[in-house]
Chemist: 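My structure is below; once you've seen it, I'll send some questions.
One-based numbering along the sequence shown.
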Amino acid sequence: MAAASPSSTESTRWQWENGVAGAVAGFATVAAMHPLDVVRTRFQVNDGRVSHLPVYSNTPHALFTIARYEGLRGLYAGFYPAVLGSSISWGLYFFFYSRAKQRYSKNRVENLSPGLHLAAAAEAGALVSLCTNPIWLIKTRLQLQTPLRESRPYSGLHDALRTILKEEGWTALYKGIMPALFLVSHGAIQFTAYEELRKVATNIKSEKSNSEAAPEGLSSLDYAFLGATSKVIATLFTYPFQVVRARLQQRPNTNGIPRYADSWHVIKETARFEGARGFYKGITANLLKNVPASSITFIVYEIVLRMLKLTSRDD
């Protein structure tokens, strides 16, 4: 059997390093920002016509109310599936994304066009959505459990999974998959914006120092700014898909009847009763959570990736 070539071994190692860096970054992000994720989810599904969710006037009021009446358990509802889903998602995303970039690059040169960056990010996002939708559905349902809920609450991830399979069947685990696939555009827009902004920042640094451009020349503050800016751009374009997905993933009522039949039903009902504003419910909590979270993610990702590469070189 022929031995693997050095270039092949280096490529595999590089993909593995990207996967680990992404997973660590995802965990750090969720741990810091989960309470805002709970608030966002509750705002997203509250169309003013449900009785099992408390009414919050704004994000600070929601945080205070949940902390007062539900405690830390309420603020961190769905934390386990959130950590699991985020770590798996980010790890798979960076892994698939790096592999796609390599495949689209000629002779492994990373100077890809914006269109190829978009294609690589979209491919990675679709694969991740198909792998992780059941985890996100369970997370959403755990976050929506309140003292006002009439149904027997899920005790955790495993109980939720068993109950859903027993009461609704395995297809229920893929509720919201259509808007989730449309949300692939979020990651595609974000990563494309990040890559292009990083090129600009690197060139500016290079011109100032009169040296060859290199990503390692960027500071943590630079990565924070790039991650935050790319996240805002992507969020403004894709947030309505998040609202549609969250509303589809709600637990059926005590009679087993889902509140919404499909994505089109959500869109019609939301537009009819809430107008355009309904598609952006919870966006304040979303931005407060995801803009800093994106900064943390990309800082941790770049630092961990750099450390793994240095370790590989020492070996």
Side-chain angles (χ1 to χ4, degrees), residues 36-59 62 77-78 85 122 125-126 128-130 132-146 148-151 154 160 163-164 167-190 231-287 289-290:
L36 285 169
D37 189 50
V38 174
V39 171
R40 178 194 63 176
T41 301
R42 293 190 180 186
F43 269 118
Q44 286 176 337
V45 303
N46 198 334
D47 57 9
R49 298 179 292 130
V50 295
S51 59
H52 65 273
L53 287 175
V55 177
Y56 309 118
S57 56
N58 51 47
T59 299
V128 170
S129 293
L130 292 171
T132 60
N133 195 77
I135 299 175
W136 297 126
L137 178 135
I138 292 173
K139 185 213 72 166
T140 296
R141 293 194 176 186
L142 289 173
Q143 289 178 336
L144 295 177
Q145 293 189 149
T146 72
L148 300 177
R149 186 79 193 186
E150 296 179 357
S151 304
Y154 303 128
T163 304
I164 292 169
E167 296 180 353
E168 304 171 62
W170 70 269
T171 56
L173 295 173
Y174 280 88
K175 286 184 177 179
I177 188 63
M178 289 306 296
L181 290 175
F182 278 108
L183 275 168
V184 166
S185 61
H186 180 99
I189 293 170
Q190 182 184 357
K231 173 59 72 174
V232 170
I233 292 171
T235 298
L236 292 176
F237 281 101
T238 63
Y239 190 77
F241 293 120
Q242 295 188 41
V243 174
V244 174
R245 180 181 63 178
R247 295 189 175 191
L248 280 173
Q249 291 181 337
Q250 293 179 86
R251 189 175 184 177
N253 60 29
T254 53
N255 296 322
I257 302 173
R259 184 164 184 80
Y260 299 101
D262 50 38
S263 298
W264 182 238
H265 186 206
V266 177
I267 294 170
K268 288 191 298 183
E269 292 289 292
T270 303
R272 178 185 176 188
F273 292 102
E274 302 166 76
R277 187 175 181 181
F279 292 102
Y280 285 89
K281 280 191 172 180
I283 194 170
T284 300
N286 185 77
L287 289 174
K289 169 186 178 288
N290 285 315

Chemist: Taking only residues two or more places apart in sequence or in another chain, which ones pass side-chain hydrogen bond (donor to acceptor under 3.5 Å, both in side chains) with Ser185?
Modeler: none
Chemist: Should Asn286 and Tyr239 be marked as a side-chain contact (heavy atoms from CB on, under 4.5 Å) after you check the CA-CA gap, both sets of side-chain angles, and the distance that decides it?
Modeler: CA-CA 9 Å; Asn286 185 77; Tyr239 190 77; 3.5 Å; yes
Chemist: I need the Ile135 CD1 to Thr140 OG1 distance, nearest 0.5 Å.
Modeler: 12.0 Å
Chemist: Using a strict threshold of under 4.0 Å (side-chain N to carboxylate O), is an ion pair present between Lys281 and Glu274?
Modeler: yes
Chemist: Under the criterion side-chain contact (heavy atoms from CB on, under 4.5 Å), I'd like the reasoning laid out for Thr146 against Arg42: C-alpha separation, chi angles, the key distance, then a yes or no.
Modeler: CA-CA 10 Å; Thr146 72; Arg42 293 190 180 186; 3.6 Å; yes
Chemist: Which residues satisfy the side-chain hydrogen bond (donor to acceptor under 3.5 Å, both in side chains) test with Ser263, sequence neighbours excluded?
Modeler: none
Chemist: Considering residues at least two apart in sequence or located in another chain, which fulfil the side-chain hydrogen bond (donor to acceptor under 3.5 Å, both in side chains) criterion with Thr270?
Modeler: Arg247
Chemist: With sequence neighbours excluded, what pairs up with Ile233 under the side chain to side chain contact (heavy atoms under 4.5 Å, CB included) test?
Modeler: Ile189, Ala193, Thr229, Phe237
Chemist: Rounded to the nearest 0.5 Å, how far apart are CZ of Arg272 and CG of Asp47?
Modeler: 12.0 Å
Chemist: Can you name the residues that form a side-chain hydrogen bond (donor to acceptor under 3.5 Å, both in side chains) with Gln242, not counting sequence neighbours?
Modeler: Arg40
Chemist: Looking at every heavy atom in both Ser129 and Val184, which two are closest together, and how far apart are they?
Modeler: OG-CG2, 4.0 Å
Chemist: Using 0.5 Å steps for rounding, measure from the CD atom of Gln44 to the CG atom of Leu144.
Modeler: 9.0 Å
Chemist: One pair to check against side-chain contact (heavy atoms from CB on, under 4.5 Å): Arg251 and Gln145. What are the steps and the verdict?
Modeler: CA-CA 9 Å; Arg251 189 175 184 177; Gln145 293 189 149; 4.2 Å; yes
Chemist: Is the side chain of Asn46 donor-acceptor paired with the backbone N or O of Val55 at a distance under 3.5 Å, no angle test?
Modeler: no
Chemist: Which atoms form the tightest heavy-atom contact between Tyr154 and Ile164, and what is the distance?
Modeler: OH-CG1, 3.8 Å
Chemist: Could I get the full list of ring pair (Phe, Tyr, Trp, His ring centres under 6.0 Å) partners for Tyr260, not counting sequence neighbours?
Modeler: His265
Chemist: I'd like a table of donor-acceptor pairs (distance under 3.5 Å, sequence neighbours excluded) in which one partner is a side-chain atom from residues 170-183, with atom names and distances.
Modeler:
{"unit_1": "Tyr174", "atom_1": "OH", "unit_2": "Leu130", "atom_2": "O", "d": "3.0"}
{"unit_1": "Lys175", "atom_1": "NZ", "unit_2": "Glu168", "atom_2": "OE1", "d": "3.3"}

Chemist: Does Thr59 have any side chain to side chain contact (heavy atoms under 4.5 Å, CB included) partners at least two apart in sequence or in another chain, and if so, which?
Modeler: Leu36, Val39, Phe43, Leu63, Thr284, Ala285, Leu288
